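Since the structure comes first, as structure tokens, the remarks are kept for the end.
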Amino acid sequence: MHTSFADQLAGLDLAGFSIGPAPVSTSDFPVREAVVQTLEAVWSDLFAMVSGTALEADAEDLGWAFVNIFHRSAERKSTALDRATDEVRALIATADGSEVHTHELETQVERAQCAESAMLALEEMREVAAGLYLNEFGSSWKPVSSSRFNHSAMLTSALVEGRDFLRARAEAKRRAAMPEGTPVVFAGGRTRHATEDDALTFGNNVWATLDKVRDRVPDMVLIHGGDTKGVDRLASSWAERRGIPQVTFSLDMRLGARAGFKRNERMLSLDPRYVIAFPGNGVLERLVIDAKARRITVVDRRGALGTNPKNTSVRTD
């Protein structure tokens with residue numbers, strides 16, 4: 001490790017740049033076991049307190065806000081990391097080899113490393129809390145107006161050289177925004193069911209269909225619209241239970257009536273292996289038509305209760 005960094009620094013002619021341990025390490029943050037135990041205890045006590053009271057109707061809002069505490073904190077650390085990264089980029093662009101300049105560069109890299117490590121720790125806390133939310137309410141936790149990035153797979157704190165840090169940071173942001181794997185588009189609208197049994201059958205058909213597609217595409221990345229009140233919610237919950245990465249394409253309301261069709265274009269631009277279609281509106285019909293025109297396999301479940309429309313019986317096939 002030391003030799004590798006020394007060679008890199010020699011090639012960059014950054015005189016005086018020292019190689020030392022990262023300013024923080026994973027041992028400086030709460031261990032996962034402690035995080036899980038503590039958050040589970042707080043969660044249990046919180047909902048035991050409101051159970052049977054007038055606040056029970058607001059339990060899901062409270063649960064959402066609980067997860068959001070860690071999400072917002074992680075976002076603030078991410079912003080601090082972006083600022084420190086910009087400073088590193090600016091210092092490298094103006095490198096003059098002086099001791100003062102090199103010290104400033106070292107300081108900014110350390111600040112970025114500290115912010116990154118804190119961001120990763122807070123994201124892990126959010127994911128633990130999001131798991132509690134999923135178990136309690138049966139739906140995946142989703143922020144209101146931002147993405148739920150998870151950068152833990154691209155830890156860069158071991159990199160202390162300026163240019164390598166910038167490259168690793170850019171790769172981490174790219175990987176968090178679009179996980180590696182094979183895209184599978186899932187689409188459907190908001191449906192109402194006559195009975196609870198029908199709703200349960202529909203939900204089971206959604207999960208069974210997704211399970212079968214995952215068997216064919218083990219590295220699937222689920223692409224959907226992120227609707228928290230429609231069938232997307234079922235798909236999102238399935239993905240979280242199965243540990244499947246998700247990418248959501250929300251409607252751009254500035255486009256008016258074109259918003260749905262534009263979203264179709266963006267999802268299909270990922271060149272998905274499959275498009276899974278459950279009952280929906282004309283925008284979904286256009287998605288199916290366009291997918292077939294691109295020779296993308298469509299798993300059609302627009303029949304009764306989410307079955308293949310070619311089947312006469314209501315069952316999962």
Side-chain angles (χ1 to χ4, degrees), residues 24-80 114-153 155 176 179 193 196-197 199-204 206-208 210-211 214 222 224 226-248:
V24 292
S25 66
T26 54
S27 61
D28 295 314
F29 296 94
V31 297
R32 181 175 176 81
E33 291 76 9
V35 171
V36 171
Q37 292 177 7
T38 301
L39 294 189
E40 284 181 346
V42 172
W43 186 275
S44 177
D45 289 347
L46 174 63
F47 288 99
M49 177 184 68
V50 301
S51 179
T53 72
L55 291 178
E56 188 169 7
D58 301 309
E60 186 167 357
D61 287 342
L62 292 174
W64 185 92
F66 182 82
V67 184
N68 197 50
I69 290 172
F70 302 104
H71 178 69
R72 291 293 301 276
S73 296
E75 280 193 324
R76 285 193 289 270
K77 290 299 181 182
S78 179
T79 299
C114 290
E116 179 190 53
S117 297
M119 176 190 70
L120 294 173
L122 289 165
E123 284 184 346
E124 182 178 40
M125 293 180 183
R126 180 201 60 201
E127 292 305 305
V128 171
L132 295 171
Y133 181 91
L134 176 64
N135 290 334
E136 185 79 28
F137 303 108
S139 60
S140 179
W141 185 88
K142 183 177 181 294
V144 171
S145 58
S146 60
S147 297
R148 180 178 157 186
F149 291 140
N150 191 348
H151 299 82
S152 60
L155 180 65
H193 303 286
E196 289 187 5
D197 287 341
L200 180 60
T201 299
F202 180 80
N204 288 337
V206 170
W207 279 47
L210 288 165
D211 280 334
R214 186 190 61 166
L222 188 66
H224 60 89
D227 185 2
T228 59
K229 296 182 180 179
V231 70
D232 287 348
R233 178 172 180 170
L234 292 172
S236 182
S237 297
W238 172 86
E240 190 147 339
R241 291 286 190 187
R242 300 290 193 263
I244 302 298
Q246 308 173 59
V247 176
T248 62

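Computed from a predicted model, the values in this text were never measured in an experiment.
Between S73 and the choices K77, R76, E75, the side-chain hydrogen bond (donor to acceptor under 3.5 Å, both in side chains) rule is met once, by R76.
Applying the salt bridge (charged side-chain N to carboxylate O under 4.0 Å, His left out) definition to pairs two or more places apart or across chains, those involving residues 59-68 are E60-R233.
Rounded to the nearest 0.5 Å, atoms OG1 (T201) and NE2 (H193) are 9.0 Å apart. One distance of note links CG of L62 with OH of Y133; it measures 11.0 Å at 0.5 Å rounding. To the nearest 0.5 Å, atoms OG1 (T79) and CE (M119) are separated by 10.5 Å. Taking CG from N68 and CZ from R126, the interatomic distance works out to 10.0 Å, rounded to the nearest 0.5 Å.
Taking the side chain to side chain donor-acceptor pair (under 3.5 Å) definition, one finds that R242 meets it with D211, sequence neighbours left out. Taking the side-chain contact (heavy atoms from CB on, under 4.5 Å) definition, one finds that A121 meets it with F29, sequence neighbours left out. Checked against ring pair (Phe, Tyr, Trp, His ring centres under 6.0 Å), H71 has the following partners two or more places apart in sequence or in another chain: W141. A search for side-chain contact (heavy atoms from CB on, under 4.5 Å) contacts involving E124 returns R32, not counting sequence neighbours. Under the side chain to side chain donor-acceptor pair (under 3.5 Å) criterion, D227 pairs with R190, sequence neighbours left out. Every residue two or more places apart in sequence or in another chain that forms a ring pair (Phe, Tyr, Trp, His ring centres under 6.0 Å) with W43 is listed here: F47, F66. Checked against side-chain contact (heavy atoms from CB on, under 4.5 Å), T248 has the following partners two or more places apart in sequence or in another chain: K142, H224. In this structure, the side-chain contact (heavy atoms from CB on, under 4.5 Å) partners of L134, at least two apart in sequence or on a different chain, are S237, E240, R241.
What you find for V35 and P30 is that their closest heavy atoms are CG2-CB, 3.8 Å. Taking each heavy atom of L222 and I244 in turn, the nearest pair found is N-CG2, 4.1 Å.
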| said: Using side chain to side chain contact (heavy atoms under 4.5 Å, CB included), reason through V36 and E33 one step at a time and then give a plain yes or no. | reply: CA-CA 5 Å; V36 171; E33 291 76 9; 5.9 Å; no
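Formation of a donor-acceptor pair under 3.5 Å by the T53 side chain with backbone atoms of V50 is found in this model. The main-chain N or O of A34 is found under 3.5 Å from a side-chain atom of T38 such that the two form a donor-acceptor pair.
At least one side-chain heavy atom of F202 sits less than 4.5 Å from a side-chain heavy atom of L234.
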